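Please read the structure below before turning to the comments.
Just so it is clear, the model here is predicted, and its values are computed rather than measured. Indexing begins at 1, ligand by ligand and atom by atom, following the structure's order.
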Amino acid sequence: MATAVPPAASRIAVVTGASGGIGAATARRLAEAGYRVVLTARRKDRIEALADELTAAGHSATAYPLDVTDRAAVDEFATAFRTVGVLVNNAGGALGADPVATGDPQDWRTMYETNVIGTLNLTQALLPKLDASGDGTVVVVSSTAGHATYEGGAGYVAAKHGAHVLAETLRLEIVGRPVRVIEVAPGMVKTEEFALTRFGGDAEKAAKVYEGVAEPLTADDVADTITWAVTRPPHVNIDLLVVRPRAQASNSKVHREAR
Ligand code: 8X3
């Protein structure tokens, strides 16, 4: 007999990396869909401001400052919940775009820690709560970098392949339990921070990433995709969604308008 699934309004959605970009946009969209959203990120002021904004708009939102790489803090965070409906593993990002020959091993380590171990920490800590919800969903926000490489991308590409493998393996391992595993792999998304962080705050280099591209995806485009996948009926598992702007045919085949 199918388990009765509670309505979205009584369900908690935890979003990591909710201080900006795709994470903040996803928290907004899930709140609008009726979830009680829990925003986590390291930057307390940002998630508190967004939680206040959502609450003022009549939604249910709380902020919880959290570093996803800090396992003790993640375990402590998990004790706050009896059940969790949705976990969106969005925290992560890229550092550097150097060739393999000269890439900084510390950047590689940091990217593995945030994109893979961070996702592992939250997923392990909340899996029992997702199970207990009777219809849990784990979302892994990977990247097109999790599916094919490009020059200068190896450190990030390796980390995102790790996130992809985590999602794929978890889906195999928990089949039969009431938890879906959805991977959303965005391509070129123009957010206020992704490229800037990647290039250590160099705005000129960051701007070059999107130069001449008519319409890179926005954070909200990806949030819309995630929310669509999450709000399918419980028996429908969207394994993997690759989403790119129309101007991007592959990681390295991008149409740029001449200036
Ligand atoms: C972002 C996509 O092309 O910068 O996850 O690696 S890319």
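Under a 4.0 Å N-O distance rule, the pair Lys190/Glu211 does not qualify as a salt bridge. For Asp131 and Arg177, the salt-bridge test passes: some basic side-chain N is under 4.0 Å from an acidic carboxylate O.
Numbered from 1 in the order shown, with element, the atoms of ligand 1 that lie under 4.0 Å from a heavy atom of Tyr156 read 1 (C), 5 (O), 6 (O). Interface atoms of ligand 1 facing Ala145, defined by a heavy-atom separation under 4.0 Å, are 6 (O). Numbered from 1 in the order shown, with element, the atoms of ligand 1 that lie under 4.0 Å from a heavy atom of Gly187 read 1 (C), 2 (C).
Under a 4.0 angstrom heavy-atom cut-off, Gly153 registers as lying outside contact with ligand 1. In this structure, Arg198 is part of the shell of residues with a heavy atom less than 4.0 angstrom from ligand 1.
At least one N/O-N/O distance between Ser143 and ligand 1 falls below 3.5 Å. The shortest N/O to N/O separation between Tyr150 and ligand 1 falls below 3.5 Å.
Heavy-atom contacts from other residues, nucleotides or ligands closer than 6.0 Å to CD of Gln124 number more than 12.
Between the side chains of Glu183 and His164, at least one donor N or O lies within less than 3.5 Å of an accepting N or O.
Between Phe194 and Tyr156, the distance separating the two ring centers is shorter than 6.0 angstrom.
We find the CG-CG distance between Leu126 and Asn89 to be 8.5 Å, quoted to the nearest 0.5 Å.
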